Amino acid sequence: MTNRPTVARTISTLRRSIQAYRDQGERIALVPTMGALHRGHVALVRAARRRAERVVVSIFVNPAQFAPHEDFGSYPRTFDTDLKALAEEQVELVWAPPPAVMYPDGFATRIAPEGAALAGLEDKFRPHFFGGVCTVVAKLFTQAMPDVALFGQKDYQQLRVVTQMASDLDLPVKVIGVPTVREKDGLALSSRNVYLSAPERAAAPVLHRVLRACATGIRAKEPVGAVIAAGRKEIAKAGFALDYLEARHALTLAPVTSRNDGPIRLLVAAKIGKTRLIDNLAV
Ligand code: PAF
């Protein structure tokens with residue numbers, strides 16, 4: 001029998017629990033999520049467990065990172081199932097603030113990240129996104145004051161942006177990226193995969209296949225431009241509307257033209273039907 005986690009819904013309740021952990025000399029790891037938890041989130045919780053005695057999972061579907069035309073309203077919300085999954089992982093504390101606690105009336109501050117947040121990748125297609133992510137993540141960090149915070153590498157640009165923000169704002173938290181968890185056919189796990197119809201789901205692994213083929217080509221010293229151009233064609237042929245397939249410097253996300261331009265990360269975003277998928281891979 002596993003115990004359901006305590007759910008904190010106010011900042012004072014959260015802080016009381018955190019202080020009790022601190023009083024016992026325990027380290028705290030935060031796993032920020034928007035719920036609809038899957039095996040990728042479980043991997044974050046397990047990585048957190050290896051780094052701290054206490055794992056706090058936040059569940060908050062953050063309105064500030066969705067544009068009005070995006071899926072905030074229909075984003076999957078599976079709170080009870082999420083709590084059961086977290087109980088299985090022996091998570092004791094879930095931070096699930098109501099929107100009015102996170103953004104009370106009169107809330108008037110928004111973080112405007114630059115650098116990797118303006119790389120021309122996600123930011124080009126979701127210009128409001130990183131401002132919303134940074135605002136909520138900065139709040140989560142100051143609310144929970146974790147020693148470490150874990151983010152999936154699947155949202156690679158987000159990971160770079162949040163790492164930079166924590167450093168720039170001297171937030172006393174170590175941001176750690178956790179490798180992407182995939183289905184057997186290579187599709188990266190995502191809460192949005194539930195939107196895929198059967199034929200879309202069958203086509204979806206092409207993104208990972210193309211990333212792997214591009215990485216192999218670049219490692220074999222084929223010209224980066226030609227490799228990426230072939231990858232873009234392949235993705236379009238599979239029925240996707242491509243937002244981007246790019247080779248970027250793994251840390252700055254600046255464009256690269258050759259393998260010598262630094263550690264390379266390949267990043268892709270594409271829509272199949274109404275569902276937008278993103279993925280990335282190290283070269
Ligand atoms: O990656 C996510 O689930 C969200 O962007 C995050 C980091 C929880 C902020 O809302």
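Ligands are counted one by one from 1 in listed order, and the atoms in each one are counted from 1 as well. Bear in mind that the values here come from a model prediction, so they are computed numbers and not experimental data. Sequential numbering from 1 along the given sequence is applied to the chain's residues.
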Margin query: Classify the ring geometry of His128 against His69: parallel below 30°, tilted from 30° to 60°, perpendicular beyond 60°.
Written below: perpendicular
Note to self: Pairing donors with acceptors under 3.5 angstrom, does anything connect the side chains of Tyr244 and Glu122?
What the structure shows: yes
Margin query: Let's go through Tyr156 and Asp279 carefully: what are the C-alpha distance in whole Å and the side-chain angles of both, what is the deciding distance for side-chain hydrogen bond (donor to acceptor under 3.5 Å, both in side chains) to 0.1 Å, and is it a yes or a no?
Written below: CA-CA 8 Å; Tyr156 190 79; Asp279 202 351; over 6 Å; no
Item checked: For atom 10 (O) of ligand 1, closest protein heavy-atom neighbour -> Gln65 OE1, 2.6 Å
Notebook entry, point to check: Is a side-chain donor-acceptor pair under 3.5 Å present for Asp123 with Gln157?
Noted result: yes
Next item on the list: Look at atom 1 (O) of ligand 1 and say which protein heavy atom is nearest, naming residue and atom and giving the distance to 0.1 Å.
Entry: Gln158 NE2, 2.8 Å
Next item on the list: Using distance alone, determine whether Asp155 and ligand 1 share an N or O pair under 3.5 Å.
Entry: no
Notebook entry, point to check: Taking NZ, NE, NH1 and NH2 as the nitrogens, is one of them in Arg126 or Asp243 under 4.0 Å from a carboxylate oxygen of the other?
Noted result: no
Check: Which residue and non-hydrogen atom of the protein lie closest to atom 3 (O) of ligand 1, and at what distance in Å?
Finding: Met34 CG, 3.7 Å
Checklist line | Atoms in ligand 1 flagged as close to Val136, the criterion being non-hydrogen separation under 4.0 Å | finding: 9 (C), 10 (O)
Next item on the list: Could you list which atoms of ligand 1 come closer than 4.0 Å to a heavy atom of Phe151?
Entry: 7 (C)
Checklist line | Proximity to ligand 1 by part of Thr33, non-hydrogen separation under 4.0 Å | finding: backbone
Checklist line | Reference residue Asp71; test salt bridge (Lys or Arg N to Asp or Glu O under 4.0 Å); the match among Lys274, Arg276, Arg192, Arg77 | finding: Arg192
